Amino acid sequence: MTGHHRTPVTVVGLGSMGSALAEAFIDAGHRTTVWNRTASKAVPLVSKGAVQAQRIDEAVAASPLIVACLTTYESTIEALEPAAATLKGRALVSLNSGSPAGARQMAEWATGHGARYLDGAIKNVPSAVGAEDTLLYYGGDNTVFDEFTSTLRVLGGDTVYLGADADLAALYEMAVGGTLLPALVGFFQGAAAVQARGLEVASMVRFSIKWFEMINSVLPVFAEEIDRGDYSKPASSVSLFLAGAAHDEELGKEANLDMEWHKPFHDLLKRAVEAGYGDHSISALTEILKNPAPTT
């Protein structure tokens, strides 16, 4: 299929991720119009075949499918506001970060201007855009997803529609993304501990990967326990984790590390024990993380 038969696409926002999205569309033969506040960011894409719009309304008018990739929902609305009247009847896909509430507000703004809205999230780095195993998921107008599935799949082979609610992608983005910072800080702590012994951090990478693979393997078990609300048959109990808290303090003293970031986790473990979950699965922490329902 030639580029003339592929859906024209406009990409708004040319940071590292937006540029990667535009390049994927170009490589797949789509007529790709690009726009960015800093116009110079479009130059490398124009050299690869993109068409640079000088104004945002021109960019929106150029394609039936608009893919916006800015930092926040607020910045997306701000960028698109001058082209709001041009959005009517077009499909708008937003691939920025933000909360479910932000996604709902974005959807209300877009549909209020006559656009068909689909909210999405990219679960990988810019260099992985276009790969067969790169995951993107979407929530919102199913007619947009159905009509443009083959076009959106250019961005990643693992393309998933979550449902009609426009905030679903943002919900899953935050639910899944909550593991990132604690996991990275844990790795960085390990890196500092290894360096304190005069060893290279690279020497621990293989072992860390194995550790993450083990964590991956138990997630389905934890999910089943949480969905059932039954934590009574633990592979690892809350009390076992709490007993390990003393080791964190010892390592901090030996390697001269700041271990303050552990304290909220240790407090969570103590609260779980106090609530009667000491001999239950570590997944019971889910119950401690839930705030009590407001009283009427």
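Bear in mind the structure is a predicted one, so any value in this text is a computation, not a measurement.
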Original post:
Does the side chain of Y137 reach to within under 4.5 Å of the side chain of V176, using non-hydrogen atoms?
Top reply: yes

**OP:** For T10 and A59, indicate whether the former's side chain and the latter's backbone hold a donor-acceptor pair under 3.5 Å.
**Re:** yes

Subject >> Same cluster (ILVMFWY, side-chain, under 4.5 Å), F265 and L184 >> reply: no

Original post:
Is the backbone of D167 close enough, under 3.5 Å, to the side chain of D165 for a donor and an acceptor to pair up by distance?
Top reply: no

**OP:** Please check if the side chain of N124 supplies one atom and the backbone of T134 the other of a donor-acceptor pair under 3.5 Å.
**Re:** no

Original post:
Okay, side chain of H30, backbone of R6: is any donor-acceptor separation there less than 3.5 Å?
Top reply: no

Subject >> Non-hydrogen side-chain atoms of T151 and F25 separated by less than 4.5 Å >> reply: yes

Original post:
Would you say the side chain of M17 lies within less than 4.5 Å of the side chain of P126, judging by non-hydrogen atoms?
Top reply: yes

**OP:** Return the minimal non-hydrogen interatomic distance between G98 and A170, and the atom names on each side.
**Re:** O-CB, 3.7 Å

Subject >> Joint hydrophobic cluster, I77 plus I56, side-chain heavy atoms closer than 4.5 Å >> reply: yes

Original post:
Is the number of heavy atoms from other residues, nucleotides or ligands within 6.0 Å of CG (D146) greater than 12?
Top reply: yes

**OP:** Might you point out which heavy atoms bring S94 and Y73 nearest each other, and give the distance in Å?
**Re:** OG-CE2, 4.1 Å

Original post:
How about W211: does its CH2 atom have over 12 heavy atoms from other parts shown lying under 6.0 Å from it?
Top reply: no

Subject >> Taking every non-hydrogen atom, the tightest pair across G120 and L95 >> reply: C-CD2, 3.4 Å

**OP:** Considering non-hydrogen atoms only, spot the tightest contact between V194 and E200 and give its length.
**Re:** CG1-O, 3.6 Å

Original post:
Just checking, is any N or O donor in the side chain of S283 or T286 under 3.5 Å from an acceptor N or O on the other one?
Top reply: no

Subject >> Sequence neighbours excluded, every pair satisfying side-chain hydrogen bond (donor to acceptor under 3.5 Å, both in side chains) that has a member inside residues 76-86 >> reply: T76-N96, E81-W109

Original post:
Hey, is E249 close enough to K253 for a salt bridge, meaning N to O under 4.0 Å?
Top reply: yes

**OP:** Check the hydrophobic clustering (I, L, V, M, F, W, Y; side-chain heavy atoms under 4.5 Å; chains of links allowed) and say if L199 and F207 are grouped together.
**Re:** no

Original post:
Hey, is CD on E213 packed in by over 12 heavy atoms from elsewhere, all under 6.0 Å?
Top reply: yes

Original post:
Within the side chain of R90, is there an N or O that forms a donor-acceptor pair under 3.5 Å with the backbone of I66?
Top reply: no

Subject >> Residue pairs, two or more places apart or on separate chains, that pass ring pair (Phe, Tyr, Trp, His ring centres under 6.0 Å) and touch residues 156-195 >> reply: F145-Y161

Subject >> Flag if over 12 foreign heavy atoms under 6.0 Å of CZ, R197 >> reply: no

**OP:** Check L118, V144, V9 against L152 for a side chain to side chain contact (heavy atoms under 4.5 Å, CB included) and give me the one that passes.
**Re:** L118

**OP:** Step by step, work out the side chain to side chain contact (heavy atoms under 4.5 Å, CB included) result for D133 and D158.
**Re:** CA-CA 6 Å; D133 61 347; D158 192 0; 5.9 Å; no

Original post:
If you draw a 6.0 Å radius around CG in D279, do more than 12 non-hydrogen atoms from other residues or ligands fall strictly inside?
Top reply: no

Subject >> Note, L155 side chain near I122 side chain (heavy atom, < 4.5 Å) >> reply: no

**OP:** Verify the neighbour count for atom NZ of K123: are there more than 12 heavy atoms of other residues, nucleotides or ligands below 6.0 Å?
**Re:** yes

Original post:
What pair of heavy atoms forms the shortest contact from Y117 to A110, and how long is it?
Top reply: CD1-CB, 3.8 Å

**OP:** Report yes if some heavy atom in the side chain of E147 is under 4.5 Å from a heavy atom in the side chain of L65; otherwise report no.
**Re:** no

Original post:
Can you name the nearest heavy-atom pair linking W35 to Q54, along with the distance?
Top reply: NE1-O, 3.7 Å

Original post:
Is any NZ, NE, NH1 or NH2 atom of the basic residue among E274 and R271 found under 4.0 Å from an Asp or Glu carboxylate oxygen of the other?
Top reply: no

**OP:** Side-chain contact test, heavy atoms from C-beta onward, threshold under 4.5 Å: evaluate it for V51 versus T33 and give yes or no.
**Re:** yes

Original post:
Can you list the residues that meet the salt bridge (Lys or Arg N to Asp or Glu O under 4.0 Å) rule with K48, with sequence neighbours excluded?
Top reply: E23

Original post:
Is E173 reaching over with its side chain to a backbone N or O of S97, donor-acceptor style, under 3.5 angstrom?
Top reply: no

Original post:
Does any non-hydrogen side-chain atom of L168 lie less than 4.5 Å from one of D119?
Top reply: no

Subject >> Flag side-chain contact, heavy atom, 4.5 Å: P100 against R104 >> reply: yes

